[in-house]
Amino acid sequence: MVGRATESIVYVNKFKCMSLLDSGSMVSTISVATVKSMRPPPDIKTLDEFTLSVKVAEGSPLPYLGYVEVSISVTFQSDNMMVLLLVVPETDYNKSVPVVIGTNILRPIKTSVSDSHVKVPHNWDIAFSALDASVNLVKSTNKRPIKVGPMSVLTVSGICKSKTVLETAVTECVDDTKGTLGVCPRVVSVKSSGKNRIPVRIFNMTAKVVYLKPKSTICGLNEVKVMRHTDLGKVDKDASNLESKDSNTGNI
């Protein structure tokens, strides 16, 4: 009745960790205990400048203490990725599986190995397949190529055919859109099932002009839950208490 979790080993700042490959999560996390055990431990930075609200699957808020900037590597890929991980309190589960790898890491890794002859481990292949199943594709509506100048950002119109009402979704890159044009993650409203017109922010970070061809796949849509009200006071207090405790014990 209950299957095995999709787990795999990853290296965080060359520190070996067991991770959960979660194609249903848009954020990636690491337990605070694991962060503190690293040598040297990465700095836990606060999110004072942002209002970030994260929910778990059943809708309850996910508490976090801040974030760390770390490198991630996997056994089947030689390159490291610099990523941001939310630092979360210790739980019974993350005592043994301290890292959650969400779509913000899964997608770039999937893209990097899709054109190579690298043999992808079974658990990663399952997670990559789940990414494709959960995405609604957005195609451009332009009848002529759209010129995107060097180092520029442009909003274009797209059409998404959805079988269900997503209500709130976020635009993000998919494998079909890899190349010189990038997609800015944005929260959009999908009001009904069927065809929906979606505004998409694309960018060209190269020094050359890039053209968006007619009826191109621009991005994918992933459903998200948005909290209209949030209180980061407790999170900031927990982070301050953590830093104070570390200072007293001489761990940092």
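- Judged purely by atom type and a 3.5 angstrom limit, S216 uses its side chain to pair as donor or acceptor with the backbone of K213.
- None of V70, T29, V100 except one satisfies the side chain to side chain contact (heavy atoms under 4.5 Å, CB included) rule with L85; the exception is V70.
- For the pair L106 and I101, the minimum side-chain heavy-atom distance is below 4.5 Å.
- Heavy atoms only, all atoms of each residue included: S31 and V87 are closest at C-CG1, 4.5 Å.
- Note on M82 and I72: separate hydrophobic clusters, where clusters join Ile, Leu, Val, Met, Phe, Trp and Tyr whose side-chain heavy atoms are under 4.5 Å apart, directly or indirectly.
- Remark: the R186 side chain and the T171 side chain contain no N/O donor-acceptor pair separated by less than 3.5 Å.
- Both V156 and L221 belong to a single network of hydrophobic side chains, linked directly or stepwise wherever heavy atoms of I, L, V, M, F, W or Y lie under 4.5 Å apart.
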What verdict does the side chain to side chain contact (heavy atoms under 4.5 Å, CB included) test give for L86 and I30, after you've listed the backbone C-alpha separation in whole Å, the side-chain angles of each residue and the deciding distance to 0.1 Å? CA-CA 6 Å; L86 284 183; I30 187 170; over 6 Å; no
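- Connection of V97 to V88 is not established within any shared hydrophobic cluster, with ILVMFWY side chains joined at heavy-atom distances below 4.5 Å, either directly or through further cluster members.
- If you chain together hydrophobic residues whose side chains sit under 4.5 Å apart, V200 and V210 fall into the same group.
- When only modelled atom types and interatomic distance are considered, S37 and T34 share no side-chain donor-acceptor pair under 3.5 Å.
- No side-chain heavy atom of L212 sits less than 4.5 Å from a side-chain heavy atom of P145.
- Between the side chain of D125 and the backbone N or O of S129, no donor-acceptor pair lies under 3.5 Å.
- A donor-acceptor pair is defined here as one N or O able to donate and one able to accept, closer than 3.5 Å; no such pair exists between the side chain of N13 and the backbone of F15.
- Both V10 and M38 sit in one connected hydrophobic cluster of ILVMFWY residues. Membership requires side-chain heavy atoms under 4.5 Å apart, directly or through other members.
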Any chance you could lay out the side-chain hydrogen bond (donor to acceptor under 3.5 Å, both in side chains) test for N104 and S28, step after step, and finish with the verdict? CA-CA 7 Å; N104 63 316; S28 300; 2.8 Å; yes
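- Side-chain atoms of N123 never come within 3.5 Å of backbone atoms of S8 as a donor-acceptor pair (strictly under, hydrogens ignored).
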Could you check I109 against F76 for side chain to side chain contact (heavy atoms under 4.5 Å, CB included), going step by step and ending with a plain yes or no? CA-CA 10 Å; I109 293 178; F76 57 94; 4.0 Å; yes
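- Nearest heavy-atom pair, P214 versus S140, reported as atom, atom and distance to 0.1 Å: C-OG, 3.8 Å.
- The side chain to side chain contact (heavy atoms under 4.5 Å, CB included) test with L181 singles out one residue from V148, I146, L154, and that residue is V148.
- Residues S112 and Q77 have side chains that bring a donor and an acceptor to within less than 3.5 angstrom of each other.
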Verdict with supporting geometry, W124 and V113, side chain to side chain contact (heavy atoms under 4.5 Å, CB included): CA-CA 11 Å; W124 285 87; V113 300; over 6 Å; no
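- Between the side chain of N142 and the backbone N or O of R144, at least one donor-acceptor pair lies under 3.5 Å.
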Going through the checks in order, is the side chain to side chain contact (heavy atoms under 4.5 Å, CB included) test met by K161 and N136? CA-CA 7 Å; K161 295 180 180 179; N136 293 274; over 6 Å; no
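- The two residues E90 and V32 come nearest to each other via the heavy atoms N-CG1, 4.2 Å.
- The two residues P108 and M81 make their nearest non-hydrogen contact at CB-CE, 3.8 Å.
- For Y67 against T46, the heavy-atom pair with the smallest separation is CE2-O, 3.5 Å.
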